[in-house]
Amino acid sequence: MEQVRVRFAPSPTGTLHIGGARTALFNWLYARNRGGRFILRLEDTDWGRSSEDAAAGIIEGLRWLGLDWDEGPDIGGDWGPYRQSQRLDIYRQYLQQLLEEGKAYYCFCTPEELQEQRTRAQEQKANYRYEKTCSSLTQAQVKQFLDQGAKPVVRLKVDPAGKTVVPDLIRGHVEFDNGLLDDFIIAKSDGWPTYNFAVVVDDHTMEISHVIRAEEHLSNTPKQLQVYASLDWSPPQFAHVSMILAPDRSKLSKRHGATSVQEFRDQGYLPEAVVNYLALLGWSPGGESDIFPWAEMASRFSLDQVNRAPAVYDLQKLNWMNGYYISVAELERIVALVSTEARRRGWLRDDNPAYFAAAVDLVRSRAKTTTEILDLAEYFFLPPQIYEEKGIHKYFSAPEALDRLRAVDAVLEHAGSFDPA
Ligand code: GLU
């Protein structure tokens, strides 16, 4: 049986979004379920938008979630390097091969010429497709341009006839009309590969067996299949995971609350709750309960049970899960998570750790996030700051109320044991 090798391939251009985290998780679950390998690869060919900080943040976010990988930029592996920016020689080698075989060609068209082609297409109410102007240049013409210092892009020759079928493990067979493709660019004028080329070279040379990724890449897949065909490589299996929508079914964005893993951490979510929640966002394993420990998720995960329909983000459900995990976690761990803030407030001191822990333990079953715990525990550490208006009128305004309270106060002051009884 073939070895399962899957990868998570984020572009380090921002934070680890929950969509990305879920893609990583599904890959991880699939690898662990099938006894395969999970690989982390950084797709940092978008030089202008990629940053070291973003790469470090993504790795930190994945680790915080509890995901581990078998090969990656930080730990190496036999199929490395695992950063696209360190693989330029590999891409160049295959670009060269395609150029020599006449399956790709240099294109020297200027932005103005391309704009003219676009305008022409618009006028004819047709889809814009590159007019293949440079595909018929002679070798002598190419040499002349290159000698003059021109910096061409490289385009792949695409046969516009017929259809490309993407066999997808989640979506079934998805057909694309090749007429919609044109001779697309596989290397930019600075020599760097484009995403659709680099991803194919990487997935093939890293012997990736299954590409599990976001639905937004489904429309790139026909182009990638053209690259596989040109290089005479057989493609991996594909599985495109549906989008995550906001409750109103619009695109999930900042206004719907936390959307990055770092934000979840900072707002007091536990990683196991986020992981459990994300796993069920699109995966329906069936069964009684929504609570799945890691090991059980990995042993039950299957792409057959991943839904084709978009998943809808439900903060209430995440809060409920987080509350559950807070209530069953080791008390020491929860105390540690709130202790910095508690010390800052002066509620946790060297002389009261047991009292502090007991207060945390008492309120945690009502907290949805760890940050809520201190708010709920306030009355153990601060005298009342305000009294409820209505209550004051109802109970404190009778003439004898004050005398009674004083009497209770005197008794409580001398009460020896302060247990519930
Ligand atoms: N780098 C791409 C992204 O972050 C992923 C590409 C892929 O998985 O093929 O969206």
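Remember, it's 1-based here, ligands and their atoms both numbered in the order they're listed. Predicted model only: the values in this text are computed from it and were never measured.
Taking the salt bridge (Lys or Arg N to Asp or Glu O under 4.0 Å) definition, one finds that D304 meets it with nothing, sequence neighbours left out.
Within the 3.5 Å criterion, the main-chain N or O of H240 finds a donor-acceptor partner in the side chain of R171.
The ring of F301 has its center closer than 6.0 angstrom to the ring center of W283.
Salt bridge status for D68 with R32: present, with a side-chain N to carboxylate O gap under 4.0 Å. Ion pair R5/D203 not flagged as a salt bridge, since none of the NZ, NE, NH1 or NH2 atoms sits closer than 4.0 Å to an Asp/Glu carboxylate oxygen.
Judged by the 6.0 Å distance and 45° axis criteria, R37 is not positioned over the aromatic ring of W79.
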Would you mind listing each N/O atom of ligand 1 next to any protein N/O under 3.5 Å, plus the distance?
from: ligand 1; atom 1: 1 (N); to: A9; atom 2: O; distance (Å): 2.8
from: ligand 1; atom 1: 1 (N); to: S11; atom 2: OG; distance (Å): 2.9
from: ligand 1; atom 1: 1 (N); to: E43; atom 2: OE1; distance (Å): 2.6
from: ligand 1; atom 1: 4 (O); to: S11; atom 2: N; distance (Å): 3.2
from: ligand 1; atom 1: 4 (O); to: S11; atom 2: OG; distance (Å): 3.3
from: ligand 1; atom 1: 8 (O); to: R7; atom 2: NH1; distance (Å): 2.8
from: ligand 1; atom 1: 8 (O); to: R7; atom 2: NH2; distance (Å): 3.4
from: ligand 1; atom 1: 9 (O); to: R7; atom 2: NH2; distance (Å): 2.9
from: ligand 1; atom 1: 9 (O); to: Y195; atom 2: OH; distance (Å): 2.8
from: ligand 1; atom 1: 9 (O); to: R213; atom 2: NH1; distance (Å): 2.8
from: ligand 1; atom 1: 10 (O); to: H217; atom 2: NE2; distance (Å): 2.8

